[in-house]
Amino acid sequence: MSSSMSLLVPLPVILPLLGAGAALMLSGRPRAQRLVSFSVLIGVVTVAAVLLVRADRRGVQVAWLGAWTPPLGISLVADRLSALMLLVSAVVTLVVFAYSVGQNMTGDESEAPVSIYHPTFLVLVAGVSNAFLAGDLFNLFVSFEMLLFASYVLLTLGGTATRIRAGTIYVVVNMLSSSLFLISIAAVYAATGSLNLAQLAERIEGLPDAVSLTLQLLLLVTFSVKAALFPLSLWLPDSYPTAPAPVTAVFAGLLTKVGVYAILRMQTLLFPDSPLTDLLLWAALITMVIGILGAIAQSDIKRMLSFTLVSHIGYMIFGIGLATQAGISGAVFYVAHHITIQTALFLVVGLVERRAGSTALLRLGGLARLAPVLGILFFVPAMNLAGIPPMSGFLGKVGLLQAGLDVGTPLSVTLVVGGVVTSLLTLYAVAKTWTIAFWRTPEQAHETAQALPNPGEKADTQHPSVAMVGHRGHVHVGGTAYAPLDLEEARRVRDDDEPDRDLYQLLRDDKLPDSLPPSMVLPTAALVAFSLVFTLVAGPLFDYTDRTAEDLVRRSPYLDAVLDGGRR
Amino acid sequence: MSTNLTLIVTASTLIGCGVYLVLERSLTRVLVGLLVMGNGINLLFLIAGGRAGNAPIEGTTPPSTMSDPLPQALVLTAIVIALGTTAFLLAMAHRSWQLNSNDDVQDDVEDASIRRLAAADEASDSHDLATGGGDDDPRVEEEA
C-alpha cells in the first residue's frame, strides 16, 4: 500500500472543515462563499470516487494521524463499505447544496442566513465523512458530535417557534444518546483497554460472554437512537419535517444512515458471533410495520415521508440482522439506494411547497397539470421507494427478501412477509399522496375543504372536536382521513380574509410563482437521475456490495490492514 | 484489578440525579440534569483508566507509576463538547422563553393529538365506521 495514497483518506474530513472556516471568514461575500463551498464538495466527491476505486482494487486504505507510532494514533480506515457510503453521501450532499443555493439565489429563504448555512453544512459533511472513516470508537463519537452539532444549528435555523419546539426534543434525545455512547466507550475501555476497532475485534473475543453482551447492548442502543430504530425512533417524525427542505433532505438521507452504518460495522467487526441477531430482526420487523402504518395516517407529505424513512430503516436492519453475506450485501445496497431516493423525495417536496405554497394534502390538488415536471419528479422516486420493478428499490428489496428466504428460520420468513407487506403499504401511502396532491383538481380540493364542518356553528367549547370527529378524531372526506390539526388549517382556508390560502385560492388570486426556478429543479432532477443510475448499474453494484459483504464477514481484510500498519 | 469504590458510588449518584432531572419538564432542569450526568460519566472514564498514579509526563515519572493518560484525554474532549452543548441548549432555552415565556419541553404534535383524541373519544368508534359512518360523518351531513 503506497503511503501517498493513504494521504487521501483524511481529505473528506479535512477539506470540508477547512472550507467551513473559509466560508465563515467569507460570510460577507456570498459569491466567494458559494465558490469555496462548491469546490470543497466537488473535491470530496472526487476524493471519495478515487478512494472507492482504490479500496476496491488495492484493498483497505488506512491513514494514521497524529504522528504517533501505530497503533497509538488515530486511524482513519477506508474499506469498501466506507468508500461506498462516502461516495454516495458526497454526491447527495453536493446536490442538496446546489439545491439550497438555488433556493437562496431566488431570494426565497430569508429565514436561513447564508453566512451561517454554508459553514454549518460543511461541518455536517465533515462529520458524516469522519463517521464513515473512523477507525476507533472515540473518533466515531467525535464525528457524531460534529454532525449532531451542525444538525442542531440547521434544524433550528431562524429560531421560529415550531423549529425551537422540534429542536428541543431533537437536541435532548441526541444528547442522551451521546451520554449513553460515552458510557459505552468507558465500559469498552475498562473491559479491553483499547478503543481501536481492529484491536477491539481481537480483544472482545476473549471477554466473558456477559461482559461482551453488555457492551454490545450498550452500543446497539446508542446507535439505534441515531438510526431511528423502533422504539427509539419516535423523535424523528416530529423533528425532521419542521426544518427547511434541503436540511430535511440531507438529514433524512444521511444522518440515520450513519447510525445504520455504525450498527453494521459494530455487528460485523466487533460482534461477529452475535447472540443478538434475533433482537435486531424483531426490531427491524416492528420498525418496518409501525413506521409504514404511521406514514399512512399522515396528511402532510413531509410527515408522511419521515415515517416512510423510519419504516425503511427496518429493511437495512433486516439485512444486518440476518448476518449472512447475502443479507449484508442487500443491506449495503439498500442503504446506498435509500440515501439517494429519500433525499430526492424531500427535495421534490420542497419544490411542491414552493410551487403550491403548502405540503398539507388538504390544500393541494392538480399539481400534475400545474407543474408536469414536478409530477414526474415526484412519481419516479415515489415508485422507486415503493419498490416497483425494475427500479433499484425493487432490486434492493428482492436481494434482502432472497437473503431472508435463504436463512429460512421462522423469524426470517416472518420478516420476508413483513417486508412485502411494508412495500405494498408504502405503495399505498405514496399513491394516496399522488392521487390527492397531483391528480385531483384544485377546485375539488377547495370544495373538499369547504365541505368540512364549520367550527363556528358546531363548536362545543368543552369538546371542540366531538361534533365533527369521525374515526378517532379524523374527519373522513372522500375516503381520506384528516387529522384535527389539518382541520384547523382547512378552517383558515375557508375564510377568504385569512392569509393562509389553499392552492385554489392562490391560483384564483394569481399569487403563485409562475414557474419553479431552474436552479432548484435541476439539482432535484439530477438526483432523481442519479437514483435511476442505481437501476442501470445494479449488476456491478451488487457485485461490489457482495465483495463488501464478503470483506465484512471475513473481517481479515480490515483487521490485517489496520493491525499490520500498527506492527510496522 | 482493584477499583475505587468511592468513585463508583459518586459516579452512580451523579448519573442517577442526572436522569431524575432529565425527566423534568423545564429545559433548564433538563440541561442541569445532562450536565450532572456528564460529570458522572467523566468519573466513569477515570474508573476505566485503572488505578490512580502520578502525572503521565515522560521524564518526570517512571512509567510504572504513571496513571493512564488516555481516559483523561477522552474526558477532556467530552468536557469541551459538553461546554458547546450547554451553550447551545441555554440559547435554545432562552429563545423558548422569548417565544413562550417559559422553557418547558413541549409535547410532540402527534402525542398531543393522540391525547386529545383519547380525552374526547373515550369509546372506540370504529363501530360507527364499520356500520357506514355515524351521525358525525360529514358525508352524511352533506346529503342531508
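All chains are named by letter (A, B, ...) in the order of the sequence lines, taking the proteins before the strands, and each is independently numbered beginning at 1. In this text the structure is predicted, and so the values were computed from the model without any measurement. Note that these values count all heavy atoms, side chains included, but never hydrogens, waters or copies made by symmetry.
Across A:Phe149 and B:Thr85, no two heavy atoms sit closer than the pair CZ-N, 3.2 Å. Closest approach of B:Ala78 and A:Leu182 over heavy atoms only: CB-CD1, 3.9 Å. Between B:Met92 and A:Thr156, the shortest heavy-atom distance links the atoms SD-CG2, 3.7 Å. Of all the heavy atoms in A:Ala186 and B:Leu44, the pair that sits closest is CB-CB, 4.1 Å.
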May I have the step-by-step check of side-chain contact (heavy atoms from CB on, under 4.5 Å) for B:Ser96 and A:Thr168, ending in yes or no? CA-CA 9 Å; B:Ser96 176; A:Thr168 311; 5.6 Å; no
When you look at A:Met175 and B:Leu89, which way does the side-chain contact (heavy atoms from CB on, under 4.5 Å) test go after all the steps? CA-CA 10 Å; A:Met175 281 185 70; B:Leu89 262 186; 3.4 Å; yes
With side-chain contact (heavy atoms from CB on, under 4.5 Å) as the test, would you mind laying out the steps for B:Leu27 and A:Val172 before giving the verdict? CA-CA 9 Å; B:Leu27 188 56; A:Val172 171; 3.9 Å; yes
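Proximity to chain A is absent for every atom of B:Val19, based on heavy atoms less than 4.5 angstrom apart. In this structure, chain A has a heavy atom under 4.5 Å from the side chain of B:Leu34, while its backbone stays farther away. Proximity to chain B (any heavy atom under 4.5 Å) is shown, for A:Val153, by both the backbone and the side chain. Contact annotation for B:Asp68: only side-chain heavy atoms (C-beta onward) come within less than 4.5 Å of a heavy atom of chain A.
Each of B:Asn100, B:Leu70, B:Asn42 has some count of heavy-atom pairs under 4.5 Å with chain A, and the biggest count is that of B:Leu70. Chain B forms the most heavy-atom pairs under 4.5 Å with one residue out of A:Tyr152, A:Phe141, A:Tyr189, and that residue is A:Tyr189. When each of B:Gly84, B:Ala91, B:Ala93 is checked for heavy-atom pairs under 4.5 Å with chain A, B:Gly84 comes out on top.
Side-chain contact between A:Leu195 and B:Leu74: present, with at least one pair of heavy atoms (C-beta onward) separated by less than 4.5 Å.
In this structure, OG on A:Ser178 lies 8.0 Å from CD1 on B:Ile81, to the nearest 0.5 angstrom. Note that CZ of B:Phe45 and CD1 of A:Ile185 are 5.5 Å apart. Values are rounded to the nearest 0.5 Å.
Summarising the local packing, CZ of B:Arg29 is surrounded by 12 or fewer heavy atoms from other residues, nucleotides or ligands at distances under 6.0 Å.
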